[in-house]
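Lettering follows sequence order; numbering is per chain, from 1.
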Amino acid sequence: MAIATHQVPAMSPSRRFAREFFSKRIATGSFVLLLLILLAALFAPLLSPQDPYDLARLDLLDARLAPGTMSGDGSLVFLLGSDAQGRDMLSAMLYGIRISVIVGIASTAIALAVGLALGLLAGYRGGRIDAVLMRVVDIQLSFPSILIALVLLALSGPGLGKIIAALAAAQWAYYARTARSAALVERRKEYIEAATCLGLSGTRIMFRHLLPNCLPPLVVVAALQVAAAISLEATLSFLGLGLPVTEPSLGLLIANGFEYMLSGKYWISLFPGVALLLLVASITLVADRLRDVLNPRLQGPAP
Amino acid sequence: MKSQADLPTLAVSGLTTEFPVAGGIVRPVDDVSFEVRRGQIMGLVGESGSGKSMTAWSIMGMVDAPGRISAGSIVFQGGDLRTLDERALRALRGDRIAMIFQDPATSLNPVLRIDTQMIEAITAHRPVGRRAAREMAREALARVGIASPEERLLAYPHQFSGGMRQRVAIAIAMLNRPDLIICDEPTTALDVTIQSQILGQMQALCREAGTALVWITHDLSVVAGFADTVAVMYAGRIVENGTVERVLRHPRHPYTHGLIASAPSRNPRGQPLPQIPGMVPALSALPDGCTFRNRCARATEVCRRVPPLEMLDGRQLRCFHPVMEEGA
Amino acid sequence: MNGQQVPILAFDGVSKAYVRPVDAAARIAGMFSGAGSRPVVHALERVTLAVGEGEVVGLVGESGSGKSTLGRIATGLLKPTSGALLWRGQDVAAMDGKARRAKQLAAQLIFQDPYASLNPRMRVADIVGEAPVAHGLVPSREKNEYAAAMLQRVGLDAAMLQRYPHQFSGGQRARIGIARALAVRPQFLVCDEAVAALDVSIQAQVLNLFMQLRAELGLSYLFISHDLGVVRHVADRVAVLYLGRIVEVAPTEELFARANHPYTVTLLASMPTLEVTAKRHIPISGEVPSSLGPPSGCHFHPRCPHAMPRCRQEAPELREVAPGHWAACHLNDGGGGIQR
Amino acid sequence: AELRIGLAADVSSLDPHYLNIAPNIALSTHLFDTLVAVSPDGQLVPGLAISWRAVDATTWELKLRPGVKFHDGSELTADDVLFSLDRPAALVGSPGPFTSYTRQIVAKDAPDRHTVRLKTAKAYGPLPLDLSSIFIVSKRAAQYASTADFNSGKVAIGSGPYRFARFLRGDRIELVRNEHYWGDKPAWDKVSLRILTSNAPRLAALLAGDVDAIEGVPAAHIERIKADPKFRLEQKVSWRTIFWHLDQSARPSPFVTDKAGKQLPENPLRDMRVRRAISMAIDRKALTSRTMEGLAVPASNLVAPGIFGHNPALPVEKYDPDGARKLLAEAGYPDGFALILHGTNDRYINDAAVVQTTAQYLNRVGIRAQVQTMPLSIYFGRARKGEFSAALLGWGSLAGDFALRTVVGTPNPQTGWGSWNWGKYSNGMVDALVRSALSSVAPAERENAARQAAALALGEYAIVPLHHQVATWAMRKGLQYTARTDEFTFAHLFHPQ
Amino acid sequence: MPAFLLRRLLQSAVVLLAMSLLVFAGVHAIGNPVDVLISPDASQAERARVIASFGLDQPLWRQYLLFLKNAVQGDIGTSYIYATPALGLILERLPATLELALAAIFIAVAFGIPLGLWAGLRPDGVIGRTIMAASILGVSLPTFWVGLMLIMLFAVQLGWLPAGGRGPTTLLLGVPVSFLSIEGLRHLLLPAVNLALVNVALVIRLARAGTLDAMRQDYVKFARAKGLSAGRIVGVHVLKNILVPIVTVVALQFGAVIAFSIVTETVFAWPGMGKLIIDSIRVLDRPVIVAYMMLVAALFVAINLAADLVYSALDPRVRLTGEDT
Ligand SMILES: Nc1ncnc2c1ncn2[C@@H]1O[C@H](COP(=O)(O)OP(=O)(O)OP(=O)(O)O)[C@@H](O)[C@H]1O
Ligand SMILES: Nc1ncnc2c1ncn2[C@@H]1O[C@H](COP(=O)(O)OP(=O)(O)OP(=O)(O)O)[C@@H](O)[C@H]1O
Ligand SMILES: [Mg+2]
Ligand SMILES: [Mg+2]
C-alpha cells in the first residue's frame, strides 16, 4: 500500500538551498564578487605585480606615485599608485585582502569552534555546567569586543597570530550563547526526545542530532562575524594595535594613507577603503541571504 | 421578486482565487459558490490545504499579493464586494463582516491590553467616545461569558487561557453586531469541553442577533449538530453543498462519502476503517478534470472533464458518478 | 486487565511534580518578600494503571491533564517524582543497566507532530536505521536493507530511503516515525496524539496501520488522544485523566455506555459526533483550572453539576463500581450511584 | 584678540613640578618662568635670572630680575626661587619627577632678595641647563598647596606671560594675558589651547578655521598647506635626533639570526664593521626627503646643529651600499644575516615608516631586515630590558655631553649613566671625556670635551644617527611664529605678521 | 522581581570583581608605567623611588588586595599622570561620552525605526531595497573610516560643520551638556552621526525583520479584519511589537556604542572617556584603565538592567525572574 509521493519535488537539500540562495540577484552578485575577492586573495602572489613584503624591492623614490605612473626603474606601472614606502598599492591591497580574510576567517573559526562546543554542552546538559558557562559568557559579553581585543593586543603586542587570538577571544562568547539558545530550542524538539527514547548516547545525540540543527543560525552569525572581525581588525590597525607595518592589512593601509587624503593623494587610502568596503559588504550580503534562506520563518509557503 | 428579507446575507458565486507559482498558477479557490442567510450557520469543511481559509480571505478582500481574485462575485447584502475599493472594504470589515481565526494564542496582539484591542475595533467604525466604547467592550465580554469583565479588560492576552482568548476574539468580532461572521477553525485548538461551550454560545448569539455564520472546520462532526448547511471542499472546489441533514446522512459525493465512512465512530470497534486511498494532492500537481478522480474508485474517463456543480437530491454536487445507495 | 497475567507495563502510584529550580538569590529574595514557596506543577498525582500484554489502553483528558507526562514516564524520558514504573512486574528504577536498556528499547514513543519529531537533517535511512545499528541489532552494512524493510512494514516505498523528512507528506512522516520506533523491535508503544495532526482521510490509514501492527506483532499500546471517537475505536480499556488524577478507568464499551464520573459524562456529552440530531451545546461551565493551583478536594468540583461540600475538602479514591470499572467520585459512596 | 592654537598632546596637570613631559612643560612656560630661559635656537638666555656665574667650581650665583610680579600681584623674591627649587623633591606621587634637575644642588641660600647661591657637590657645568627646567612658583601660593590645587587653577600662579583662566581637561586650556609681564608684551589678550591629539582632526580644525594655528603638522599635509594661500608654515630643525641603537652586548642578540631563522652564536652587531655597514647602507637623503617628506635633515651627531656640544666636524655618513656589502663580507657576513628592527609607531614623525625604510635599505645590502613596531607603552619597557637587537630612539637635548652620558655612557644604575643606552655601548674614553665635560664650569672647555666625546662615540658607531626632525607649525595667513628648536609651542611667540 | 534585582546585583558584583582582577593583571603584564613617564635623565634611584611611591614594587597580589581595600572605601586609585582620582577623572569625561552615545542612539532609533518599518512593509519595493542596501553599507563601513570621510566632506570641503572637539557646554541638572546650544549641536552632529551609523543600520535591520515577521502574524491579520486603518496597524500593532527586540538590542548595543566611542572620540577629538582610555593605555595609567573598565562594566550592567525593565514594560509576557530562557 505504498503511497506515491508527488507532493514535494525530490531535490537534495543542497540543491534546494542553492536554488533558493541564488534566486535573488543581489545575493548572486555579491556571491560572485566575494568569490572574485577571495580568489584574488588566494592567488595574490600570482596576481600582484610586486611582492609588497620584499622590502629590498621597494624603492623610496617610487613613494606616493599617482595611479598609472611608471616606477623609477621602469620595471612596473603602479596601476593604483604607490604608498609612502614606494609599495605598489595594487599588490599591497591584494596581500592586504589576504591578511584581512585570513584574520576574519581564522578568528571566526576558532571562536566558532570554541563557542559551539561550550554552547552545545551548556544547552544540552544544562544544570551546573550551564550556569557556570553562561556566567562566564555574561561577563565576557558585558565587554564590547573592541575593548577586549584592544586590551589583549595591548598586552600581547602586534602580530598576525596575536590579532587572530585576540579577535577569537573577543568573540567566542557570542557563539557560545547562540549555540546554547539554539541547543535549548532544539533540545525540546521531539526528534531529540525520539533519539533519547531510542537509547542513543548523549554524545551521539549532541553531535549527530543537535549539532547539525544548531549550526544554521551559527553559520549565519559566523558569516556576519567574519565581516565584523575584518572590520574590527581594520579599526585596531587604525588605532595602532594590529599587524606589523611591513605586512599591512587593509585597515593599516587605510590608516597609513588617510593623512594623504587631505593633500590630494587619495589613492593611498581610498582604494584600500573601497576594497575593505566591498569585501565586508559582500560577506554581509551573502550572510544576509544565508540567513533568509536558512530561516524557515521568513520563507514563503512551501511550493 | 425577492424581498429584502429573502436576500442571502452572503452569496458567493464562481469565486476563483489565483496565485502565481514557479510553474504557472494555482487556484486555492476554484469556482466556489454558496449562500448564507440571516441567522443561518454554514459549515465549510475540508482537509488541510483544500482552500477553506483562502475562501475566507477572499471574502474579506484580504488575499495577499501576489494572489488575486480572478473571477466570481461576492455579494454581501445585495452589493458585490469585489466592486468596492479598499477604503469601503475596510469600513465593512470588523463592522458588518467579522472574522475569527483558528489560533487564539496568536490572533490577539500580545503586547496590547484587551481594552485597547477592543476599543479600537469600535472607534474604527463609529464615532463614540472612549468611555462609551469601553462600556460596549465590557458588555461584549460579559456576553461571551467572561467573569468580571471590568478587570479582564485591563489584562493582556497571555493572562487568559486558550478558551478565554478565543472568547475574547469572539467578543471583538461581535462588538459591532456584524451581519456576517467568518470563523476559521476557531475551536480546533481547544479542548472538546471548551469547544462545546463555544459552539453553544455562538449558536445562541447568531440566532438572537440574526447574524449569518460561516464556520470553517476540517471536522465534519463539529458541523453535525451545529450548522444548518454544509459545504465540503476538496482541492479548491466545493464538491458537495447542502443541508447538514442531507449531506451527512446521505452523502452523494464519493469524497464526502469516504470521509464519513472512515470516521471511527461509524465503524465497529477494532475493525479496519474504510479508507480513502492516497492523499490530498498538492495544488500544483492536481489532476485535470475532477481533482478527486485518482483517489476515487468510481472514476471513469468522463472524470477527465471538470464536473459542473449541479443540483442533485436537494444539494449541490460536483460529480459525474454520485453515490446513490442509502446510508453511509 | 487479566489478574493472572503480569501486565507488560504498570504505573504504581506514580506522581510527577515539575518544580522550577530556585537559586540562592531567589531564595533570599523570597525570604524578604515572604513569597518563598516554589511554583510546583503537580502534573500527575498517584496514578496507578496497568497495561496488559497485547492490550490497548486509551488515555483521554483535557489539555494539561498530564497525558503526555504519563506517556513520557512510560518510555523513560521522565522519571517519576514518586511511585514506581513496573516493566513486566519489575521496578524499572531498580533494574541494572542491561535490563534497563532492554526496557528502554522495548517501550517506544510515537509522537504527535510528524514535523518536529523527525530530525530534518537526517536521511530516512539514518532516521530509521541509526538506533538498531548503534545497539548492535543490525550490522551496519545491513542498515539500508533493514530500514527499507521497516519502511515497507509501515507501507512506504523503500525507494524513499535516501530522502529527507521535508520531502514527505504529513501521513508519510507519521509512518516514518512509526518505522523508526519499530526498528528497535519494541513490545510496547506509547502513541501520544499520534493521529491528531493528520488529515481526516489520512488518519484512518494510520489508525489501520496501528491496528494491523498490533495484530501482526502483538504490540501493547498506551494510546493517548483527546479524540474520544478514535480512542473508542482502538482501545480495549480507557482511562480518563483530570488534572493529573485518574478519575475513571473502564473497558471501552462499558465506559461509553455507562460513564460513572461526572467529568467523563460531560466529556462524552461534549464529544462531537456525526449524528445530525440538533445538539444542545451547553454542558460544563468554567474553564479548565490550572494545574499550578488545582482546586482542593476533588479537582473537578468547581465545574461539577453534582458537587457537594465534601467534594471541596476530600479527594475521592478510585474504587471499583462495576467489574473492571473504576471511578473516583464521592457520589459512588452513597451506594446509590449517580443520579442524573 | 583671541588666539586659538591646536595642540598635539594633552596637558595632564597644571602643576609645573608634577610630571616632566613636554606638553606640561609647554603649558607651564605660559604661566611660569624659569631662572634660565631657552631661546628659540636652544641657547640658554636670561629668564628670571638676569645673570649666572660660577663663583667657584661648585658654587653658582644668580642675580634675579628685579620688579617681577606674580599674577596675584606679589613680588617675586629669592625666597620663591629657593622654595621652587626645593619643591620637586618634596612633591610626592609624581611619576616623572623633576628631581633630576635639582639633585645636583646640595645647598642653597639667598644672600639678598635678588640673589641666589647654589652649591653642588662636585663641579657641575650643566647646572644652568638644569635650572632651565625648573619653574618658579609663588611660595606664598604654593607652600601648602597640592597638585590638585594647581589643577583647579587656584594656585596656578606664576610670573609668566599668561594667567590661568580655565582648564577643561582633555579639551582646552584658556589663558589671559598677564598685563604686568616683565618681558615683551604678548600680542593676544586671550589664548585658547585646544587639545587635538589626532593629526587629521587637528589639521581639519585649522582648515575649517576652528583654530588659528596648530603644532605638529603631519608630514603628509605640508605640501597642501604650502599650496594654500590662506595658510602658512613655520619650520625649524628640531633638537630631536632619531637614531638606531644597535645591540652591542656580548651575548647572542635576540633578534639577529641567520637567514633560516636560527639564532647566530655570535652577535654580529658587536663588530664595528657591521654597524658601519648598516650606517652606510642607509640613504639619509632619500630618507629625509622621501620618508620624512622634508621634515628632517640628515644627522651625524647625537644633538642637532646649533645645540651645545654639536660637533660640526662629523660628516653625515655617505650612502654607499657597495661599501656596506664589502664591509659585511670583511666582517664575515658575505651573505648578510637576518635582523628584526624594532621601533615605535606613535612617538616620532613617521616613525614606523622610518623603521621600514631602514629595513628596505638593509635588505638591499643583504641583511634580511624585518620590522616590528609597537606603541610606546610597550616599546619603552621592552627596550629598557634590552629585549631588542636594533631599536629606534629619538632624543632631544640642549647639551651634547648630557645626551652622550645618558645614551652612550656605560650603563650604571647607581649614577644614572647610560640609562637609555639600549645598545650597551661602553668605552671608558668616552665616559672620561663626558665626565670631564660635565664637571667643567667653563663653557668653552666643556663644549670641547663634549665634541671630542661625540667624535669618539659616533666614530665607533655607538649609535647610528639618522636624522634630526624638523618641527613644523601651520597657521592662518597673517600670523607668524618664532619657530623653536625644542618644538615647544608658546602662544606668546605668535605675532601678527 | 526582588529575586531578579538581587541576582543582578550579585552578578554585577562578580563581573566587577572579575573585571578588576583581569585588568589589574593585564596592565601589569603590559609594562611599567614608570618606564614611560619618568624623565630621561632620571637616575636608577629616582626611578626606584617613584616605583616605590606608587607601590609598584609590591607583589601583584598585594597591590591587588590593597586596591580592593581602597576600592571598598570608594577609592579606585589616583591617575599617575593627571594626579587626580581616576574615578573623578572619568566621571568628568563621562557626560561628554554619554551625550555622544545617547545622541548616537537617538539618531539610530529616530532614523532606523521608520526606515526599517518602511523596508519591512515594502520589502520588494525600490525604496525598501535601497534602504536595505544602505544599511548593509552602514554595517560594513568601519567607523573610523566613515569618521574621516565625514570630516573630509563636511568640515574640510564644505566647511559646514566643525571638524572636531566639543562645543560650549551648559549645565543641565548639574551635568554639562552641549546639545542645548546651536554651536554645541554643530559640534555634536558629525561624531554622533558617525557613531550612530552602525546602529542605524542595525535598527533598520531589526525593524525590518520585526515588521516582516509581524506582518505575517495572525494578530495583524486580525487587526485588518477588525477594519483598522493601515496607519493604526503599523503605528500601534506592529510598532509596539518590534519595539521589544529593538529596545533590547539597542540597550545592549549601548555598551558597544560606548566602547566604539573610543574610535569616534579619537577621530573627532571629542573629550570623552574613550579618548582618555586610549591615552591612558598608551601611558599605562593603570588606575584610570581599571576605573574605566569597571565603570563600563557597571554601566553595562545598569543598562542591561534598564533594558530588561523596559523590556518587561513593553512586553507583558515577560516576567522578570532572572532566569535565562
Ligand atoms: N501565497 C500563496 N501562494 C501560493 N499558494 C498559496 C499561498 N497561500 C496559500 N496557498 C495555497 O492555497 C491552498 C489553500 O490554503 P488554505 O490556507 O486556504 O487551506 P485550508 O483549507 O485553510 O487548510 P488548513 O486546514 O490547513 O488551514 C494551500 O494549498 C496553500 O498551499
Ligand atoms: N517541563 C515542564 N515544566 C513545568 N511544567 C510542565 C512541564 N511539562 C509539562 N508541564 C505541566 O504539566 C501539566 C501536564 O502536562 P502534559 O503535557 O502532560 O499535559 P497533556 O495532557 O499532554 O496536555 P496536551 O493535551 O495539551 O498535550 C501541564 O499543566 C503542563 O503545563
Ligand atoms: Mg486554514
Ligand atoms: Mg500532550
Would you find more than 12 non-hydrogen atoms of other residues, nucleotides or ligands less than 6.0 Å from [X] atom [atom1]?
X: B:R177; atom1: CZ; result: no
X: B:E151; atom1: CD; result: no
X: B:Y156; atom1: OH; result: yes

With only heavy atoms counted, which part of [X] is less than 4.5 Å from chain E, the side chain, the backbone, both or neither?
X: B:D64; answer: side chain
X: B:M99; answer: both
X: B:A91; answer: neither

### Message
Nearest 0.5 Å, please: how far is CD1 in E:I233 from CZ in B:R90?
### Response
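So the CZ of B:R90 and the CD1 of E:I233 are separated by 8.0 Å.
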### Task
Evaluate the salt bridge (charged side-chain N to carboxylate O under 4.0 Å, His left out) criterion for residues E:K221 and B:D184: first the C-alpha distance (whole Å), next the side-chain angles of each, then the deciding distance (0.1 Å), finally the verdict.
CA-CA 12 Å; E:K221 291 195 180 137; B:D184 190 357; over 6 Å; no
If you look at every heavy atom in [X] and [Y], which pair is closest and at what distance?
X: E:N241; Y: B:P110; value: OD1-CG, 3.8 Å
X: B:R93; Y: E:R224; value: CD-O, 3.4 Å
X: B:V111; Y: E:K240; value: O-NZ, 3.1 Å
X: E:F222; Y: B:L108; value: CE2-CD2, 4.0 Å
X: B:Q117; Y: E:K226; value: O-NZ, 2.7 Å
X: E:L228; Y: B:A124; value: CD2-CB, 3.7 Å

### Engaged part of E:A230 at the chain B interface, taking heavy atoms whose separation is under 4.5 Å
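Interface part for E:A230: backbone (N, CA, C, O).
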#### Entry: Max heavy-atom pair count under 4.5 Å with chain E, selected residue of B:I172, B:D95, B:I182
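Result: the option with the highest number of such pairs is B:I172.
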#### Entry: side-chain hydrogen bond (donor to acceptor under 3.5 Å, both in side chains) between E:D218 and B:T106, intermediate numbers included
CA-CA 6 Å; E:D218 275 355; B:T106 58; 3.1 Å; yes
